[in-house]
Q: 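Mind having a look at this structure? Questions to follow.
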Amino acid sequence: MPTQIEGRRGGAVGAKIDYRDGRWVVPDHPIIPFIEGDGTGPDIWRASAKVFDAAVAKTSGGKRSVVWREVLAGEKSFNQNGNWLPDETLAVIREHRVAIKGPLTTPVGGGIRSLNVALRQILDLYACIRPVRYFEGVPSPMKEPGKLNIIIFRENIEDVYAGIEYKAHSAEADAVIEFLSRRFGAKIREGSAIGVKPMSKFGSQRLVAKAIQHAIKRRLPSVTLVHKGNIMKFTEGAFRDWGYEIAKERFGDNTVPEAEGGKRKEDAGKVMIKDRIADSMFQQLLLRPDEYAVLASPNLNGDYLSDAAAAQVGGLGLAPGGNVGDGYAVFEATHGTAPKYAGQDKINPSSVILSGVMMFEELGWDDVARAIVRGLEGAIGARRVTYDLARQMPGATEVSTSAFADAIIEHLP
């Protein structure tokens with residue numbers, strides 16, 4: 001049984017989430033740390049938590065609840081204790097394994113490069129998971145936005161996120177240029193900035209494996225490896241090769257390569273593994289989006305693709321995200337802090353709400369996740385939406401962040 005610790009909600013004693021043999025062990029009253037976020041974060045978090053609590057209570061008949069535990073990061077933490085990301089916050093998230101957060105400010109002028117990147121690297125949250133789907137009635141630049149329904153698994157630790165780069169004319173950059181020129185005959189223009197994109201077999205394969213596991217569990221038809229291997233043959237090209245390799249070695253009974261066509265009788269129902277060049281993939285998502293279900297990619301490709309795909313279905317306001325490792329997960333808003341709207345009860349909270357949907361799905365509370373999605377669909381269908389959607393939806397009623405949460409709760413099944 002999960003270990004009980006101090007923490008109560010409505011008389012229920014909260015308990016820690018555990019992780020054993022590759023599976024989450026979730027009590028009826030899990031303690032989940034949250035970071036409310038900077039800028040509009042507090043408004044968004046209050047609305048989101050209200051939706052989460054209502055959905056959990058309704059689906060369980062009051063038998064389950066979440067005991068929320070606030071931890072500090074970002075501006076709120078810096079203003080209170082001069083630290084953007086306290087060790088205590090990391091320790092609490094490690095202890096409780098699963099957390100959720102609003103948008104955080106990236107400090108300017110030194111110190112930590114990015115709070116989001118730091119959390120991912122310190123906790124080894126190697127898979128950035130971004131589902132992108134359309135909600136009926138949301139304004140979109142596409143003729144048929146409903147055809148896009150994908151989930152992107154983006155490697156979160158390596159590639160450009162390794163942060164190995166040196167400023168032009170710096171001693172480090174000059175030393176790297178001199179070494180590459182002398183040792184390998186590389187031709188690099190003098191005074192160049194230098195960046196290194198490490199990509200390992202280990203890092204690539206564990207990301208692809210997680211994408212395939214998701215496809216198998218959710219009975220999705222395909223996993224597409226997205227890469228620029230035609231040019232970067234030994235990094236991105238290797239990602240492709242390593243992906244096919246792990247699919248065959250570890251999931252051979254459940255997958256089939258696209259090259260084999262899946263034409264054999266025994267291939268029926270298997271997940272098809274295919275690959276696409278990154279620039280072609282952008283075209284594919286515009287022209288033939290319904291041919292893709294799960295995308296697995298190195299860091300930078302996935303970064304571009306996830307935001308571009310979100311634009312097809314209404315933008316980042318409806319784009320959730322999760323950073324998941326082995327036994328640790330942090331779910332988050334994918335948009336910025338929008339400080340000019342802070343405290344105005346105005347911003348769309350859907351990114352954090354849908355990140356909560358991802359969190360509940362990860363923990364096996366699928367009934368809660370489905371209820372929240374139905375509630376969101378109902379609120380949008382009733383055209384009671386926040387300003388970002390209302391201004392593009394004829395006949396819509398603009399409501400506040402908190403009122404939008406109420407509309408979602410009203411439509412919970």
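We number each residue from 1, following the sequence as shown. Atom set for the values below is all heavy atoms of this structure, side chains included, hydrogens, waters and symmetry mates excluded.
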Q: Going by heavy atoms in the side chains, are Gln284 and Thr224 under 4.5 Å from each other?
A: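 A side-chain contact under 4.5 Å is absent here.
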Q: If you measure from NZ on Lys210 to CZ on Phe153, what distance do you get to the nearest 0.5 Å?
A: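 Atom-to-atom, Lys210:NZ and Phe153:CZ are 7.5 Å apart.
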Q: Atom CG in Leu376, atom CD1 in Ile408: separation rounded to 0.5 Å?
A: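 Between atom CG of Leu376 and atom CD1 of Ile408 there are 5.0 Å.
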Q: Considering only heavy atoms from C-beta outward, does the side chain of Lys346 approach that of Glu398 to under 4.5 Å?
A: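 A side-chain contact under 4.5 Å exists here.
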Q: Would you check if the side chain of Thr89 reaches a backbone N or O of Leu72 as a donor-acceptor pair within less than 3.5 Å?
A: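 Answer holds: yes.
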Q: Please name the pair of heavy atoms, one in Thr255 and one in Ala247, separated by the smallest distance, quoted to 0.1 Å.
A: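 Looking at all heavy atoms of both residues, the shortest contact is OG1-O, 3.3 Å.
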Q: What residue among Arg250, Lys201, Arg240 forms salt bridge (charged side-chain N to carboxylate O under 4.0 Å, His left out) with Glu245?
A: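 One option only clears the test, and that one is Lys201.
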Q: Are the charged groups of Lys197 and Asp159 less than 4.0 angstrom apart, N to O?
A: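 Here Lys197 pairs with Asp159 in a salt bridge, since their nearest N and O are under 4.0 Å apart.
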Q: Val352 and Ala333: which non-hydrogen atoms are nearest, and at how many Å?
A: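 Closest approach of Val352 to Ala333: CG2-CB, 3.6 Å.
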Q: Within 45 degrees of the axis of the six-membered ring of Tyr161 and under 6.0 Å from its centre: does Arg154 put its NZ or CZ there?
A: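 Yes, Arg154 sits over the ring of Tyr161.
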Q: Check the pair Leu90, Leu85 against side-chain contact (heavy atoms from CB on, under 4.5 Å), reporting the backbone distance first and the verdict last.
A: CA-CA 8 Å; Leu90 292 169; Leu85 185 59; 4.3 Å; yes
Q: I'd like to know if Arg276 pairs up with Glu291 as an ion pair, taking the criterion as any Lys NZ or Arg NE/NH1/NH2 lying under 4.0 Å from an Asp or Glu carboxylate oxygen.
A: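 Between Glu291 and Arg276 there is no salt bridge, as every charged N stays at least 4.0 Å from the carboxylate O atoms.
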Q: Test Asn81 against Ser77 for side-chain hydrogen bond (donor to acceptor under 3.5 Å, both in side chains), laying out the working first.
A: CA-CA 6 Å; Asn81 56 42; Ser77 174; 3.3 Å; yes
Q: Is any side-chain heavy atom of Met359 closer than 4.5 Å to one of Val66?
A: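 A side-chain contact under 4.5 Å is absent here.
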Q: Run the numbers on Lys76 and Glu70 for side-chain contact (heavy atoms from CB on, under 4.5 Å), then give the verdict.
A: CA-CA 12 Å; Lys76 187 173 185 178; Glu70 183 174 13; 2.8 Å; yes
Q: Hey, mind stepping through Asp326 and Tyr19 against side-chain hydrogen bond (donor to acceptor under 3.5 Å, both in side chains) and telling me if it holds?
A: CA-CA 8 Å; Asp326 296 324; Tyr19 187 80; 4.5 Å; no
Q: Is it true that a side-chain atom of Thr397 and a backbone atom of Arg384 form a donor plus acceptor pair closer than 3.5 Å?
A: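 Not at all, since once roles are kept as given, no pair shorter than 3.5 Å links the two residues.
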Q: Before we go on, tell me: are the rings of Phe34 and Phe52 under 6.0 Å apart, centre to centre?
A: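 No, they do not, as the ring centres are separated by 6.0 Å or more.
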Q: Return the minimal non-hydrogen interatomic distance between Asp43 and Asp345, and the atom names on each side.
A: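 So the minimum-distance heavy-atom pair works out to OD2-N, 3.0 Å.
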Q: Starting from the C-alpha separation in whole Å, work towards a yes-or-no answer on side-chain contact (heavy atoms from CB on, under 4.5 Å) for Ile100 and Trp45.
A: CA-CA 10 Å; Ile100 188 167; Trp45 174 253; 3.6 Å; yes
Q: Heavy-atom count around Asn79 CG within 6.0 Å, excluding the residue itself: above 12?
A: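 For Asn79, atom CG is crowded (more than 12 foreign heavy atoms under 6.0 Å).
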Q: side-chain contact (heavy atoms from CB on, under 4.5 Å) for Ile122 and Arg94? Distances and angles first, verdict last.
A: CA-CA 10 Å; Ile122 291 168; Arg94 279 197 184 99; 3.3 Å; yes
Q: Write down the atom of Pro257, the atom of Tyr244, and the distance for their closest heavy-atom approach.
A: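 Between these two residues, the closest heavy atoms are CB-CE2, 4.4 Å.
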Q: Side chains of Trp365 and Val56, heavy atoms from C-beta outward: is any pair under 4.5 Å?
A: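 Yes - at least one pair of side-chain heavy atoms lies under 4.5 Å apart.
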Q: Look up atom OG in Ser192 and atom CD1 in Ile177, then write down how far apart they are to the nearest 0.5 Å.
A: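 It comes to 5.0 Å.
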Q: Is it the case that the side chain of Thr401 and the backbone of Ile44 share a donor-acceptor pair, with hydrogens and angles ignored and the cut-off at 3.5 Å?
A: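 Such a contact is absent between Thr401 side chain and Ile44 backbone.
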Q: Charged N to carboxylate O below 4.0 Å: is that the case for Arg133 and Glu377?
A: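 A salt bridge is present here (some side-chain N lies under 4.0 Å from a carboxylate O).
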Q: Quick one, Asn299 and Met199 - any side-chain contact, counting heavy atoms below 4.5 Å?
A: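 Heavy-atom side-chain distance check fails, nothing below 4.5 Å.
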Q: Looking at every non-hydrogen atom in both residues, tell me the closest pair between Lys167 and Ala173 and how far apart they are.
A: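 What the structure gives for the nearest pair is O-CB, 3.3 Å.
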Q: Would you compute the distance between atom CD of Gln213 and atom CG of Asn254 and round it to the nearest 0.5 angstrom?
A: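 Gln213 CD to Asn254 CG: 10.5 Å, rounded to 0.5 Å.
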Q: Between Arg120 and Glu155, does any side-chain N to carboxylate O distance fall below 4.0 Å?
A: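 No, Arg120 and Glu155 are not salt-bridged.
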Q: Indicate the atoms forming the closest heavy-atom contact of Ala379 with Phe404, along with that distance.
A: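 Here Ala379 and Phe404 meet closest at CB-CE1, 3.9 Å.
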Q: So with a 6.0 Å cut-off around CZ of Arg383, is the heavy-atom count from everything else above 12?
A: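 Counting neighbours around CZ of Arg383, more than 12 heavy atoms of other residues, nucleotides or ligands fall under 6.0 Å, so yes.
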Q: Within the structure provided, determine whether Ile93 and Leu119 are in side-chain contact (heavy-atom separation under 4.5 Å).
A: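 Counting from C-beta outward, Ile93 and Leu119 do come under 4.5 Å.
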Q: I need the Asn348 CG to Thr386 OG1 distance, nearest 0.5 Å.
A: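 That separation rounds to 3.5 Å.
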Q: Can you spot which of Leu207, Ile273, Val208, Asp241 makes a side-chain contact (heavy atoms from CB on, under 4.5 Å) with Ile246?
A: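 When side-chain contact (heavy atoms from CB on, under 4.5 Å) is applied between Ile246 and each of Leu207, Ile273, Val208, Asp241, only Val208 qualifies.
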Q: To the nearest 0.5 Å, tell me how far Arg206 CZ sits from Ser200 OG.
A: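 Arg206 atom CZ to Ser200 atom OG measures 7.5 Å (nearest 0.5 Å).
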Q: Would you say the side chain of Ile31 lies within less than 4.5 Å of the side chain of Lys16, judging by non-hydrogen atoms?
A: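 They are not in side-chain contact.
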Q: Within a reach of under 6.0 Å around CD of Gln344, are more than 12 heavy atoms found that belong to other residues, nucleotides or ligands?
A: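 Counting other residues, nucleotides and ligands, CD of Gln344 exceeds 12 neighbours.
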Q: Flag yes if more than 12 heavy atoms outside Glu136 fall under 6.0 Å of its CD atom; otherwise flag no.
A: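 Check fails, neighbour count at 12 or below.
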Q: Whether the side chain of Gln283 engages the backbone of Asp279 through a donor-acceptor N/O pair (distance < 3.5 Å, no angle test) should be reported.
A: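 Checked: no pair found.
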Q: Just wondering, more than 12 heavy atoms not from Tyr304 lying within 6.0 Å of its OH?
A: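 Not more than 12 within 6.0 Å, no.
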Q: Check whether any side-chain heavy atom of Leu104 sits under 4.5 Å from a side-chain heavy atom of Trp84, and report yes or no.
A: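 The answer is no, as the side chains (C-beta and beyond) never meet within the 4.5 Å cut-off.
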Q: Are the side chain of Glu362 and the backbone N or O of Ala329 linked by a donor-acceptor pair below 3.5 Å?
A: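 Judged by distance alone, no pair lies under 3.5 Å.
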Q: For the side chain of Glu236 and the backbone of His227, is there at least one donor-acceptor N/O pair under 3.5 Å apart?
A: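 Between the backbone of His227 and the side chain of Glu236 there is no qualifying donor-acceptor contact (under 3.5 Å).
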